[in-house]
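Below you'll find the structure, written out as C-alpha cells, and then a few comments.
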Amino acid sequence: MNDVQGKTVVLLGGESAEREVSLNSGRCIAEALRGEGIEVETFDWLPERMEAFLGRKYGRVYIALHGGSGEDGRVQSMLSLAGIPYTGVRPSAAANGMDKHLSKIIVRGMTDVPVPEAVIMPAREALKVVSEGASGRWNTIVSKLGIPMIVKPARNGSSVGVTLVTEAGMLDKAVRDACVTEDELVMFEQYVSGYELTVAVLNGRALGVCQIIPKNAFYDWDAKYNRDDTEYLTPSSLGEAFDRRLCEMAEKVARSLSCTHGVVRADFLADRSLNPYFLEINTVPGMTSHSLVPKIALQAGMTFGQLCVEVLQGAE
Ligand SMILES: Nc1ncnc2c1ncn2[C@@H]1O[C@H](COP(=O)(O)OP(=O)(O)O)[C@@H](O)[C@H]1O
Ligand SMILES: [Mg+2]
C-alpha cells in the first residue's frame, strides 16, 4: 500500500455547512489508515487553497469532504484533470448524486425502485411566490402531494433546510428555509411515514441495512449530530427478507447512478406496509466513529480500518 508514488493525503474540511462533520470524518479516516500501517497526511481543503494543494504533489487522495465542492464533482474533476488517483465516485456521478431531483429521475428511469412523488421549483420562482403573497400557487401542490409533505433543498445535505409541513400555513416559511442558495431547487415531496433506512454499498455491493429511529419528528440535523437518543439498528427490525430486498434495491440504485466506486450510502423510507422508496444517495457518507457506514460495515464483519483500506485501495 505504501508503494504509490507520492504521499497519500486525506482531504477534509471544505467550505460547506458540513465542514465540521468532514473534519471529524477525515481525522477518523487518517487515524484508522495509520492504524493499518499506511502513512497519510491530512489537508484542510478550501477552494481558495487549490494551488497550495496541487503544489504538494500528492500521489493519492482519500476524499473525506461532505457537501460543497468535495461532494458535487468539482474536487473530483480537479483531481481527474491533475491525474491524481482519488477515492470514491467519478465527477459526473458526484454531480448527479448531489442533486436529489436528478438522482430520482435517473433511478426512476433506469430501475424499478420506487421514489416518492415530488414537485420541483427553482428557488427564485418559489421565493417570488412567497414575496408576492401568491400562496394560492401552493394549492395545486397540496392537492397533488397531500399534507403532511416534506419541503427541502434538492442540492443540500445533513437535513439543512428540511421541513415537515403539517399544515398549509407552514409552506411559505418552509420554502424560505429550503432556499439555502439562490440557485437551489426546492423539492416539495410526498411524505412517507413509517421507517427510515439506509444501506451502505461498497464497490457496488451492499454491506447491509441500518434502521434509524429518530426521537424528533424526522431525522434532522439535531438527531444526526447532537442528540444521543437516536436509535440505530443493524440489521433492521423489519426482518431478513426485507433487508435483503432493500440491499438489492440499493445495489440497483448505486449501479444506475454509477456509484460503484468506493463506499456510498443510499437512503430509503418505507411506509407502514413495508414498501420502500429511494430518497437520496450520499456519495461521500459520514465516516466518524458514530457514523452509519462504519456501523453497517462492522456488522458485516469489517472493521473501520479495513473499510478505509478497502476504499483507499480502490483509488484511481
Ligand atoms: N419524502 C420524505 N418523507 C418523510 N421524511 C422525509 C422525506 N424526505 C426527507 N425526509 C426526512 O428528512 C431527512 C433528510 O432528508 P434527505 O432527503 O435524506 O436529505 P439530506 O440527508 O441530504 O439532508 C430524512 O432522513 C428523513 O428523516
Ligand atoms: Mg439523507
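Bear in mind the structure is a predicted one, so any value in this text is a computation, not a measurement. When a ligand or atom number is given, it counts from 1 through the structure's own listing order.
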Number the atoms of ligand 1 from 1 as they appear, then name those within less than 4.0 Å of a heavy atom of [X], with their elements.
{"X": "Val162", "value": "12 (O)"}
{"X": "Tyr219", "value": "13 (C), 25 (O), 27 (O)"}
{"X": "Asp267", "value": "18 (O)"}
{"X": "Lys100", "value": "16 (P), 17 (O), 19 (O), 20 (P), 22 (O)"}

If the threshold is 4.0 Å, N to carboxylate O, is there a salt bridge linking [X] and [Y]?
{"X": "Glu251", "Y": "Arg205", "answer": "no"}
{"X": "Arg19", "Y": "Asp44", "answer": "yes"}
{"X": "Arg155", "Y": "Asp72", "answer": "no"}
{"X": "Lys252", "Y": "Glu248", "answer": "no"}
{"X": "Lys104", "Y": "Glu280", "answer": "no"}
{"X": "Glu189", "Y": "Lys100", "answer": "no"}

Polar protein atoms (N, O or S) that approach the Mg ion (ligand 2) to under 2.8 Å: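 Only Asp267 OD2, Glu280 OE2 fall inside 2.8 Å of the Mg ion (ligand 2).
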Residue portion contacting ligand 1 (non-hydrogen atoms closer than 4.0 Å) for Glu196: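 The answer is the side chain of Glu196.
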Leu269, portion touching ligand 1 at heavy-atom distance under 4.0 Å: side chain
Ignoring hydrogens and geometry beyond distance, is a side-chain donor-acceptor pair present between [X] and [Y] at under 3.5 Å?
{"X": "Ser291", "Y": "Thr288", "answer": "yes"}
{"X": "Asn96", "Y": "Ser103", "answer": "no"}
{"X": "Lys173", "Y": "Thr163", "answer": "no"}

Min heavy-atom dist Lys224 to ligand 1 below 4.0 Å: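 Checking ligand 1 against Lys224, which is what was asked, there is a heavy-atom contact under 4.0 Å.
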4.0 Å heavy-atom contact, Asn156 with ligand 1: yes
Of the protein's non-hydrogen atoms, which lies at the shortest distance from [atom], and what is that distance?
{"atom": "atom 14 (C) of ligand 1", "answer": "Ser159 OG, 3.3 Å"}
{"atom": "atom 11 (C) of ligand 1", "answer": "Phe218 CD1, 3.6 Å"}
{"atom": "atom 18 (O) of ligand 1", "answer": "Glu280 OE2, 2.9 Å"}

Heavy-atom nearest option to atom 6 (C) of ligand 1, drawn from Asn216, Thr198, Ile150, Val192: Ile150
Closest to atom 1 (N) of ligand 1 (judged by heavy-atom distance), picking from Lys152, Gln190, Glu117: Gln190
Flag side-chain contact, heavy atom, 4.5 Å: Lys57 against Lys7: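 Not in contact.
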Glu15 atom CD, over 12 foreign heavy atoms within 6.0 Å: yes
Set of side chain to side chain donor-acceptor pair (under 3.5 Å) partners for Thr166, sequence neighbours left out: none
